[in-house]
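Input: a single structure, listed below in structure tokens.
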Amino acid sequence: MLLGIDLGGTKMLALAVDRAGQVCFRARTPTGRGFGPAATIASIEAVVARTGAEAGPVEAVAVGFPGLVDHGRGLARSSVILDGWCEEALAGELERRLGIPCAVDNDVNTAALYEMECRGARDLLFVAVGTGIGGALVLDGRLHRGAGGFAGEIGHLVIDKAGPVCPCGRRGCVNLYASGTAIEERGGARPPAGELGPVEAAAADALGVAIGSALNLVDVPLVVLGGGVAELGSPYLARVASRARRECFAEIGQACAFEAARGGYEAGARGAAALAGQRLAQGRAGQPRSSASAARAAAYARASRGAADG
Ligand SMILES: [Zn+2]
């Protein structure tokens with residue numbers, strides 16, 4: 001079993017995926033702002049034990065964390081929705097306690113991995129529009145995290161250098177015009193299905209400007225929109241796409257598909273399970289991977305591609 005964990009502000013969702021790519025076990029644990037490293041590690045240990053008893057032995061674990069992560073060093077660095085997290089060596093501590101490969105990544109990154117896997121895609125830009133705007137870049141089948149882990153942070157692309165000040169300290173980030181918070185502040189309300197109000201349309205245009213600029217830089221063939229605001233539906237998606245295509249080279253825009261996220265609320269945990277598979281393929285930190293763990297990882301990879309195709 002590969003265990004994927006989506007750690008959130010109200011719950012921790014755990015999913016175990018077998019070699020056939022099927023979800024065999026689910027567990028939900030209530031969380032809250034005070035859910036710190038000790039509670040998280042204890043809960044994950046308990047879920048690993050339950051999975052082992054009810055579904056089968058867990059071979060690797062990965063956690064999608066709601067905040068800043070140093071994936072390479074396995075650190076959960078900080079979170080604005082969970083207190084008590086400061087440069088925590090989450091992956092290393094889990095490996096020490098569980099004795100299996102473990103990894104941690106940002107929760108938007110793990111959701112992007114699921115969107116990649118369920119489509120069999122290799123290259124995509126994932127944009128999650130909720131309270132804020134998160135993003136992730138998948139290139140050649142791998143997350144592109146960047147030197148410091150910030151790659152894909154499309155919410156802080158500047159679309160108006162004379163605009164208002166963003167919490168990040170700079171002016172005119174797209175986050176200030178297109179996030180769920182921005183829509184709310186401008187008096188936007190969820191319009192009837194099939195329609196887009198003026199506030200939502202302006203937000204979609206702002207996001208389209210940022211995505212179009214990003215496409216000129218990365219030229220990926222697929223943009224996936226997720227998060228609560230994306231639930232405005234196809235008029236919203238069409239408006240973002242049309243504006244983005246006007247803002248980038250015509251050849252890039254014509255070749256790029258815009259799709260709604262398929263993951264729903266389990267995407268973060270499903271993607272974390274995929275990340276656990278990648279971690280298993282690498283072997284334990286600092287140790288050469290054994291041929292047995294490589295073979296297990298390859299079996300999971302084949303199965304997940306098969307499940308995604310089916
Ligand atoms: Zn900003």
Side-chain angles (χ1 to χ4, degrees), residues 8-9 33 64-71 75-83 85-87 105-112 115 124-139 143-188 198-220 223-232 236-237 239-241 243-244 246-248 258 261 268:
R33 180 162 271 287
F65 179 76
L68 199 55
V69 168
D70 183 335
H71 170 76
L75 301 180
R77 304 190 61 188
S78 63
S79 173
V80 294
I81 65 169
L82 296 177
D83 293 336
W85 292 85
C86 180
E87 309 291 328
D105 209 332
N106 173 267
D107 56 356
V108 177
N109 279 358
T110 59
E115 298 298 332
L124 64 87
L125 174 65
F126 177 64
V127 183
V129 190
T131 314
I133 298 178
L137 195 53
V138 176
L139 299 176
L143 282 164
H144 179 76
R145 300 180 175 92
F150 292 97
E153 278 294 346
I154 195 167
H156 297 279
L157 282 196
V158 172
I159 60 169
D160 178 6
K161 64 184 170 56
V165 177
C166 177
C168 79
R170 287 169 305 117
R171 287 186 177 274
C173 296
V174 64
N175 191 42
L176 300 169
Y177 304 89
S179 67
T181 309
I183 291 173
E184 232 168 67
E185 282 171 3
R186 288 168 173 76
V199 172
E200 292 79 13
D205 286 343
L207 187 62
V209 170
I211 291 176
S213 296
L215 284 175
N216 269 353
L217 190 66
V218 296
D219 186 13
V220 287
V223 172
V224 177
L225 285 186
V229 174
E231 285 166 19
L232 289 169
Y236 173 79
L237 186 65
R239 181 105 181 190
V240 172
R243 185 60 196 235
R246 276 168 51 199
E247 299 288 338
C248 63
F258 286 73

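Whatever order the structure lists them in is the order used to number ligands and atoms, beginning at 1.
Heavy-atom contacts from other residues, nucleotides or ligands closer than 6.0 Å to CD of Glu184 number 12 or fewer.
In terms of heavy atoms, Val108 sits closest to Gly134 at CG1-C, 4.1 Å.
For the Zn ion (ligand 1), the tally of protein N/O/S atoms lying closer than 2.8 Å stands at 4.
Val209 has its side chain out of reach of Tyr177: every pair of non-hydrogen atoms, C-beta onward, lies at least 4.5 Å apart. Put simply, the side chain of Phe126 does not reach to within 4.5 Å of the side chain of Val138, judged on heavy atoms.
In this view, Phe65 and Trp85 satisfy the ring pair (Phe, Tyr, Trp, His ring centres under 6.0 Å) rule, not counting sequence neighbours.
Taking CG of Leu176 as the reference point, atom CZ of Arg171 lies at 10.5 Å (rounded to 0.5 Å).
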